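These figures come from a predicted structure and were not determined experimentally.
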Amino acid sequence: MMDQNDAPIYEALLRYRDERIVPFDVPGHKHGKGNPELTAFLGRTCMEVDVNSMKPLDNLIHPVSVIRDAEMLAAEAFGARHCFFMINGGSSAVQAMIMSVCKEGDKIILPRNVHKSAINALVVSGIVPVYVDPGVNPKLGIPLGMSVDNVRKAIEANPEAKAVMVNNPTYYGVCADLKGIVELAHSHGMAVLADEAHGTHLYFGENMPINAMAAGADFAAVSMHKTGGSLTQSAFLLVGQNAAVTEGHVRAVINLTQTTSASYLLLASLDISRRNLATRGREMCRKMLESVEYAREEINKIGGYYAYADELADTPDFYAFDRTKLSIYTRDIGLAGIEVYDILRDSYDIQIEFGDIGNILAIITAGDRWKDIERLVSALSEIKRRFSKDKAGLFDHEYINPTVKISPHDAFYSEQESVPIGGSAGRISGESVMCYPPGIPIIAPGELITPEIIAYISYCKEKGCFMTGTEDLELNFIRVIK
């Protein structure tokens with residue numbers, strides 16, 4: 001019998017370390033003795049449990065003991081039928097759930113403001129996207145969530161689609177009517193997949209937007225490392241209670257791309273973090289929300305900034321708001337979000353999650369101290385005083401609704417040529433362009449490049465956004481279909 005106070009992987013690693021096993025297997029650093037510099041940097045404890053799969057420690061690609069037990073505990077904690085431990089981040093969980101329910105040529109309904117991992121899954125698999133306009137908040141310029149009505153229209157126009165994918169929440173904290181979408185999709189025989197990369201806490205906090213498992217979704221990709229406390233690159237893939245696919249099929253899909261040399265540091269971090277959330281999650285989320293609400297109130301007192309919350313959640317595509325997100329609109333002080341991001345880092349030694357054209361996002365968890373929150377508020381006040389300017393000329397929106405000409409898969413693998421991005425209007429893109437974070441493509445393979453998109457990319461570069469996705473690292477050229 002197990003309960004949520006157990007941590008099977010962590011406990012097995014402790015037993016392994018105490019047994020003083022002599023290693024004649026990989027990894028080659030041999031408990032750190034072969035790489036003293038790395039051991040000095042990471043510590044002996046870390047190196048001693050950076051080990052290979054073996055009988056007492058189970059094997060992630062075919063778990064039968066401690067990893068299986070840890071997965072069962074995680075599933076119970078999150079209200080899922082099954083939970084897979086993912087050691088290639090939430091990106092691999094997103095891709096696995098898409099490819100578990102769709103195959104080449106199948107259609108999937110999804111908002112265009114999905115993470116690039118979803119687009120990449122379509123490129124690799126040949127699955128065909130049906131994009132739903134997520135809508136845009138007219139003041140903030142940010143993409144929202146899909147309305148139930150727009151999802152219904154997409155389903156009626158594409159009744160052969162296999163699945164509907166939903167962001168829950170978006171990077172900014174916007175939530176769609178997930179339960180309504182689940183009920184609608186299921187009534188048409190379609191699976192529902194939730195990208196909950198930023199939604200770990202939805203499973204443990206009080207008065208939060210509904211989580212995917214509670215809403216009846218078939219899958220959820222949960223980035224535990226973002227707000228759940230585990231190490232970077234670790235995540236969960238949750239399978240819903242009534243999902244039609246088997247665990248064996250999902251694991252087979254995962255094992256197509258997941259490493260056969262899983263990191264036990266990442267696995268143990270997931271195991272311990274699940275235990276923390278299951279036993280202390282409510283208190284952790286209460287502290288998180290208390291800190292964010294205080295910061296939001298103080299920032300709004302400064303004037304010029306707008307730290308928004310659920311007062312905006314009053315439209316079909318802005319159904320609910322995740323109040324743990326400290327999303328701040330900056331354009332009214334005459335600065336793009338990325339400019340505030342850079343000033344905070346370069347002048348105040350404060351690293352926030354991201355800045356885009358009109359907003360910044362600060363991630364606050366139970367690990368943040370009050371004095372650090374005060375420091376952030378103080379820095380934002382000083383930035384307004386020192387750097388604010390006229391807002392004329394600033395872009396007023398983050399999202400451009402694309403024109404899809406061919407599927408991402410066909411575009412990516414087509415005959416292509418590289419052309420100057422300034423002269424690419426009217427061509428079909430063969431690659432993605434995005435600001436990272438948040439990693440939502442401005443343009444994806446198979447989409448029409450327009451003058452508006454070129455102007456937006458140029459503006460992002462000018463403001464200092466970190467642009468990714470193209471072969472040309474300077475983003476002076478873009479690959480297009482011949």
Undergrad: Just so I know, are the side chains of Met86 and Ile254 near enough to count as touching, which here means a heavy-atom distance under 4.5 Å?
TA: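 Answer yes - side chains close enough.
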Undergrad: Other residues, nucleotides and ligands only: do more than 12 of their heavy atoms fall within 6.0 Å of CD on Glu415?
TA: no
Undergrad: Under a 3.5 Å distance rule, please check whether Asn158 uses its side chain to pair with a backbone N or O of Ala161 as donor and acceptor.
TA: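 Looks like no, no N/O pair under 3.5 Å.
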Undergrad: Begin with the C-alpha distance, continue with both residues' side-chain angles, and end with the deciding distance and a verdict on side chain to side chain contact (heavy atoms under 4.5 Å, CB included) for Leu57 and Val51.
TA: CA-CA 9 Å; Leu57 298 179; Val51 293; 3.4 Å; yes
Undergrad: Who are the salt bridge (Lys or Arg N to Asp or Glu O under 4.0 Å) partners of Glu76, not counting sequence neighbours?
TA: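 With neighbours one apart ignored, the set is empty.
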Undergrad: Other residues, nucleotides and ligands only: do more than 12 of their heavy atoms fall within 6.0 Å of OH on Tyr10?
TA: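 Open.
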Undergrad: Take Asp50 and His29, measure what side chain to side chain donor-acceptor pair (under 3.5 Å) needs, and give me the verdict at the end.
TA: CA-CA 9 Å; Asp50 180 41; His29 61 67; 2.8 Å; yes
Undergrad: How far apart are the C-alpha atoms of Thr227 and His201, what are their side-chain angles, what is the distance that settles it, and do they pass the side chain to side chain donor-acceptor pair (under 3.5 Å) test?
TA: CA-CA 7 Å; Thr227 58; His201 51 282; 3.1 Å; yes
Undergrad: Output, in order, the C-alpha distance, side-chain angles, deciding distance and verdict of salt bridge (Lys or Arg N to Asp or Glu O under 4.0 Å) for Glu447 and Arg112.
TA: CA-CA 11 Å; Glu447 295 175 358; Arg112 177 54 178 74; 2.8 Å; yes
Undergrad: At their closest point, which heavy atom of Leu326 faces which heavy atom of Leu376, and how far apart are they?
TA: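 Closest heavy-atom pair between Leu326 and Leu376: CD2-CD2, 4.1 Å.
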Undergrad: Going through the checks in order, is the side chain to side chain contact (heavy atoms under 4.5 Å, CB included) test met by Asn476 and Lys461?
TA: CA-CA 10 Å; Asn476 295 316; Lys461 288 177 62 178; 3.4 Å; yes
Undergrad: Could you walk me through whether Asp372 and Arg369 pass the salt bridge (Lys or Arg N to Asp or Glu O under 4.0 Å) test, one step at a time?
TA: CA-CA 5 Å; Asp372 294 330; Arg369 301 173 298 178; 2.8 Å; yes
Undergrad: Using the side-chain contact (heavy atoms from CB on, under 4.5 Å) definition, which of the options Val433, Ile443, Ile400 pairs with Tyr456?
TA: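 The single option meeting the side-chain contact (heavy atoms from CB on, under 4.5 Å) with Tyr456 is Ile400.
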Undergrad: Taking the side chain as every heavy atom from C-beta outward, state whether Val166 and Met146 have any pair of such atoms under 4.5 Å apart.
TA: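 Yes, close enough: below the 4.5 Å cut-off.
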Undergrad: List the steps, then state whether side chain to side chain contact (heavy atoms under 4.5 Å, CB included) holds for Ile155 with Ile109.
TA: CA-CA 8 Å; Ile155 289 175; Ile109 296 168; 3.6 Å; yes
Undergrad: Hey, what do you get for NZ (Lys287) to CZ (Arg280), rounding to the nearest 0.5 Å?
TA: 9.5 Å
Undergrad: Any side-chain donor-acceptor pair under 3.5 Å between Arg81 and Gln241?
TA: no
Undergrad: Within the 4.5 Å heavy-atom criterion, are Tyr348 and Arg375 side-chain neighbours or not?
TA: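 The answer is no; the side chains never approach within 4.5 Å.
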Undergrad: I would like to know whether Glu353 and Tyr341 meet side chain to side chain donor-acceptor pair (under 3.5 Å); could you show each step before the answer?
TA: CA-CA 9 Å; Glu353 177 68 9; Tyr341 172 99; over 6 Å; no
Undergrad: Within 45° of the six-membered ring axis of Phe204 and under 6.0 Å from that ring's centre, is NZ or CZ of Arg282 located there?
TA: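 Judged by the rule (NZ or CZ under 6.0 Å from the ring centre, within 45° of its axis), Arg282 is not positioned above Phe204.
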Undergrad: One pair to check against salt bridge (Lys or Arg N to Asp or Glu O under 4.0 Å): Glu374 and Lys371. What are the steps and the verdict?
TA: CA-CA 5 Å; Glu374 293 282 8; Lys371 67 177 183 179; over 6 Å; no
Undergrad: Between Asp472 and Thr470, is a side chain to side chain donor-acceptor pair (under 3.5 Å) present by the stated rule, with each step listed?
TA: CA-CA 5 Å; Asp472 175 20; Thr470 51; 5.9 Å; no
Undergrad: Atom CG of Leu266 and atom OG1 of Thr232: how far apart are they, to the nearest 0.5 Å?
TA: 9.0 Å
Undergrad: Met54 and side-chain contact (heavy atoms from CB on, under 4.5 Å): which partner among Asp25, Asn59, Ile21?
TA: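 With Met54 as partner, side-chain contact (heavy atoms from CB on, under 4.5 Å) holds for just one option, Asp25.
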Undergrad: Enter the distance from Leu277:CG to Cys285:SG here, rounded to the nearest 0.5 Å.
TA: 7.0 Å
Undergrad: Ignoring hydrogens, what is the shortest heavy-atom contact between Tyr294 and Ile373? Give both atom names and the distance.
TA: CD2-CG2, 4.2 Å
Undergrad: Is it the case that the ring center of Tyr16 lies less than 6.0 angstrom away from the ring center of His31?
TA: yes
Undergrad: Taking the ring of Phe354 and the ring of Tyr172, is the distance between their centroids below 6.0 Å?
TA: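 They qualify: ring centres under 6.0 Å apart.
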Undergrad: Which distance, rounded to the nearest 0.5 Å, do you find between the CZ of Phe41 and the CE of Met47?
TA: 11.0 Å
Undergrad: Surrounding NE2 of His62 (heavy atoms of other residues, nucleotides or ligands, distance under 6.0 Å), is the total greater than 12?
TA: no
Undergrad: If every non-hydrogen atom of Ile360 is compared with every non-hydrogen atom of Gly337, which pair is closest and at what distance?
TA: CG2-O, 3.2 Å
Undergrad: Would you name the heavy atoms of Ser65 and Asp58 that are closest together and state the gap between them?
TA: N-OD2, 2.7 Å
Undergrad: Would you say Asn167 and Pro111 make side-chain contact, with heavy atoms under 4.5 Å?
TA: yes
Undergrad: Taking NZ, NE, NH1 and NH2 as the nitrogens, is one of them in Arg251 or Glu247 under 4.0 Å from a carboxylate oxygen of the other?
TA: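 The answer is no: the pair does not qualify as a salt bridge.
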Undergrad: Return the CE to CE distance between Met2 and Met72, rounded to the nearest 0.5 Å.
TA: 4.5 Å
Undergrad: To the closest 0.5 Å, what do you measure between CD1 (Ile457) and SG (Cys435)?
TA: 8.5 Å
Undergrad: Other residues, nucleotides and ligands only: do more than 12 of their heavy atoms fall within 6.0 Å of CZ on Arg345?
TA: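 No, because the 6.0 Å sphere around CZ of Arg345 holds 12 heavy atoms or fewer from other groups.
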Undergrad: Give the intermediate values and the outcome of salt bridge (Lys or Arg N to Asp or Glu O under 4.0 Å) for residues Glu471 and Arg479.
TA: CA-CA 8 Å; Glu471 286 187 10; Arg479 296 192 65 79; 3.7 Å; yes
Undergrad: Ring centres of Tyr203 and Phe78 under 6.0 Å apart?
TA: yes
Undergrad: Answer whether the closest heavy-atom distance between the side chains of Lys162 and Lys107 falls below 4.5 Å.
TA: no
Undergrad: For Cys465 versus Ile357, what's the shortest heavy-atom pair and its separation?
TA: SG-CD1, 4.1 Å
Undergrad: Scan the side chains in residues 93-104 for donor-acceptor partners under 3.5 Å anywhere in the protein, sequence neighbours excluded, and list what turns up.
TA:
unit_1 : atom_1 : unit_2 : atom_2 : d
Gln95  : NE2    : Ser117 : O      : 3.2
Ser100 : OG     : Ala96  : O      : 2.7

Undergrad: Does Glu71 pair with Arg68 as a salt bridge, N-O distance under 4.0 Å?
TA: no
Undergrad: Is it true that, when you exclude Asn207 itself, more than 12 heavy atoms of the residues, nucleotides or ligands shown sit nearer than 6.0 Å to its CG?
TA: no
Undergrad: Is there side-chain contact between Met467 and Met434, with at least one heavy-atom pair below 4.5 Å?
TA: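 Of all side-chain heavy-atom pairs linking Met434 with Met467, none is under 4.5 Å.
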Undergrad: As a quick check of understanding, evaluate side chain to side chain contact (heavy atoms under 4.5 Å, CB included) for Ser414 and Gln416, giving each step before the final call.
TA: CA-CA 6 Å; Ser414 66; Gln416 299 178 7; 3.7 Å; yes
Undergrad: Can you give me every donor-acceptor pair (side chain of residues 213-223, partner residue at least two apart or in another chain, under 3.5 Å) with its distance?
TA:
unit_1 : atom_1 : unit_2 : atom_2 : d
Asp218 : OD2    : His186 : NE2    : 2.8
Asp218 : OD2    : Val192 : N      : 2.8
Ser223 : OG     : Lys226 : NZ     : 3.4

Undergrad: Considering all heavy atoms of both residues, which atom of Thr279 and which atom of Asn5 are nearest to each other, and what is their separation?
TA: CG2-OD1, 3.5 Å
